[in-house]
Amino acid sequence: FWTYRDGATESGLTVHRVAPGEDDGDVLAQMRVPLPFGTPGEDLVDTLAETAEQSLVAVLEALARGDLVGTPQDPSRATRAPRPHEADLLVAGSMGARRAFHFVRGVGRWNQLVVDVGGSKVRVIDAVELDEERRVPGEVALVGDSVWLGCDDGAVMMRAQGV
């Protein structure tokens with residue numbers, strides 16, 4: 001959720017030893033995974049799973065050979081993402097068109113994302129079009145089962161659910 005909400009251009013994963021605390025075992029490997037613009041969240045999950053599989057095999061082989069020593073984690077740098085609050089689920093024109101498109105495309109099917117259309121919250125489940133030439137800041141329109149969101153830097157068409 002936060003990878004997409006924050007507009008990150010990459011994700012990643014860590015292989016670490018299991019320890020009594022949560023995610024506090026020695027780090028054995030870390031990988032960065034690019035996150036191309038507009039990648040659906042399920043595609044990112046698949047890519048991360050493939051990367052994890054390859055990394056885990058390499059780590060286990062290195063451990064079996066005795067070639068790998070873990071790096072202790074620094075607890076002061078450990079962070080835990082909070083659960084999204086209602087305000088985090090709102091897709092607004094202030095996000096910008098590209099960021100709104102990427103966010104909704106990434107997590108709309110898994111989260112209860114909404115757009116405020118004339119005071120009513122409309123659930124959006126996917127971003128289907130980005131028009132960076134269209135300038136209609138602040139305009140929000142429900143057209144059939146689509147919501148158009150106007151931003152300073154373009155407009156985004158999103159598929160609404162249950163309209």
Note to self: Looking at N111, is its backbone amide N or carbonyl O close enough to the side chain of R123 to form a donor-acceptor pair, meaning the two atoms are under 3.5 Å apart?
What the structure shows: yes
Note to self: So that I can tick it off, tell me whether K121 and D116 are bridged by a salt bridge, with the cut-off set at under 4.0 angstrom between side-chain N and carboxylate O.
What the structure shows: yes
Check: In terms of hydrophobic clustering (I, L, V, M, F, W, Y; side-chain heavy atoms under 4.5 Å; direct or indirect links), are V33 and V59 co-clustered?
Finding: yes
Check: Hey, any chance V104 and L130 share a hydrophobic cluster, counting ILVMFWY side chains that come within less than 4.5 Å of each other, even indirectly?
Finding: yes
Note to self: Please check: side-chain N/O of D131 versus main-chain N/O of E133, any donor-acceptor pairing under 3.5 Å?
What the structure shows: yes
Next item on the list: Please lay out, stage by stage, how F103 and T3 fare under the test side chain to side chain contact (heavy atoms under 4.5 Å, CB included).
Entry: CA-CA 9 Å; F103 177 50; T3 298; over 6 Å; no
Check: Quick one: are R83 and F1 in side-chain contact, heavy atoms under 4.5 Å?
Finding: no
Check: Same cluster or not: are W148 and L90 linked, directly or through other Ile, Leu, Val, Met, Phe, Trp or Tyr residues, by side-chain heavy atoms under 4.5 angstrom apart?
Finding: no
Next item on the list: State, to 0.1 Å, how close V91 and A100 come at their nearest heavy-atom pair, and which atoms those are.
Entry: CG1-CB, 3.9 Å
Notebook entry, point to check: Taking a hydrophobic cluster as the set of Ile, Leu, Val, Met, Phe, Trp and Tyr residues connected by side-chain heavy atoms closer than 4.5 Å, whether directly or through intermediates, do V128 and V140 fall within one such cluster?
Noted result: no
Notebook entry, point to check: Do L149 and V117 sit in the same hydrophobic cluster, where Ile, Leu, Val, Met, Phe, Trp and Tyr count as joined when their side-chain heavy atoms come under 4.5 Å apart?
Noted result: yes
Item checked: Pairs where residues 85-100 contributes a residue and the test salt bridge (charged side-chain N to carboxylate O under 4.0 Å, His left out) is met, not counting sequence neighbours -> R98-E132
Check: Do you know the tightest heavy-atom contact between G96 and C151?
Finding: C-SG, 3.7 Å
Notebook entry, point to check: Would you call D126 and R105 a salt bridge, taking side-chain N to carboxylate O under 4.0 Å as the test?
Noted result: yes
Check: Should M158 and V115 count as side-chain neighbours, where that means a heavy-atom distance under 4.5 Å?
Finding: yes
Next item on the list: Could you walk me through whether V114 and V122 pass side chain to side chain contact (heavy atoms under 4.5 Å, CB included), step by step?
Entry: CA-CA 5 Å; V114 296; V122 175; over 6 Å; no
Next item on the list: For the pair H102 (side chain) and G38 (backbone), establish whether a donor and an acceptor sit closer than 3.5 Å, ignoring hydrogens and angles.
Entry: yes
Check: What pair of heavy atoms forms the shortest contact from G154 to A97, and how long is it?
Finding: C-CB, 3.7 Å
Item checked: Residue pair R17, L28: steps toward the side chain to side chain contact (heavy atoms under 4.5 Å, CB included) verdict -> CA-CA 7 Å; R17 291 186 186 274; L28 302 173; 3.9 Å; yes
Next item on the list: Taking the side chain as every heavy atom from C-beta outward, state whether V15 and M31 have any pair of such atoms under 4.5 Å apart.
Entry: yes
Check: Would you say the ring centroid of F101 lies under 6.0 angstrom from that of Y4?
Finding: no
Check: Quick one: side chain to side chain donor-acceptor pair (under 3.5 Å) pairs with a partner in residues 51-74, sequence neighbours left out?
Finding: R65-D67, D74-S76
Margin query: For the CG atom of L13 and the OG1 atom of T47, what is their distance to the nearest 0.5 Å?
Written below: 11.0 Å
Next item on the list: Using a 4.5 Å cut-off on heavy atoms from C-beta on, say whether the side chain of D26 contacts that of H16.
Entry: no
Next item on the list: Look only at the side chain of W2 and the backbone of P82, and say whether a donor-acceptor pair between them is shorter than 3.5 Å.
Entry: yes
Next item on the list: Using a 4.5 Å cut-off on heavy atoms from C-beta on, say whether the side chain of V45 contacts that of W110.
Entry: yes
Item checked: Heavy-atom pair of closest approach, residues V156 and A127 -> CG1-CB, 4.3 Å
Note to self: For a quick test of reading the model, state the closest non-hydrogen atom pair linking A8 to L35 and the distance between them.
What the structure shows: O-CD2, 3.6 Å
Item checked: Note, T9 side chain near P34 side chain (heavy atom, < 4.5 Å) -> no
Notebook entry, point to check: Roughly how far, to the nearest 0.5 Å, is CD1 of I125 from CD of Q161?
Noted result: 5.0 Å
Note to self: Any heavy-atom pair between the side chains of P40 and R109 that's under 4.5 Å?
What the structure shows: yes
Notebook entry, point to check: If you look at every heavy atom in L89 and P84, which pair is closest and at what distance?
Noted result: CD2-CB, 4.2 Å
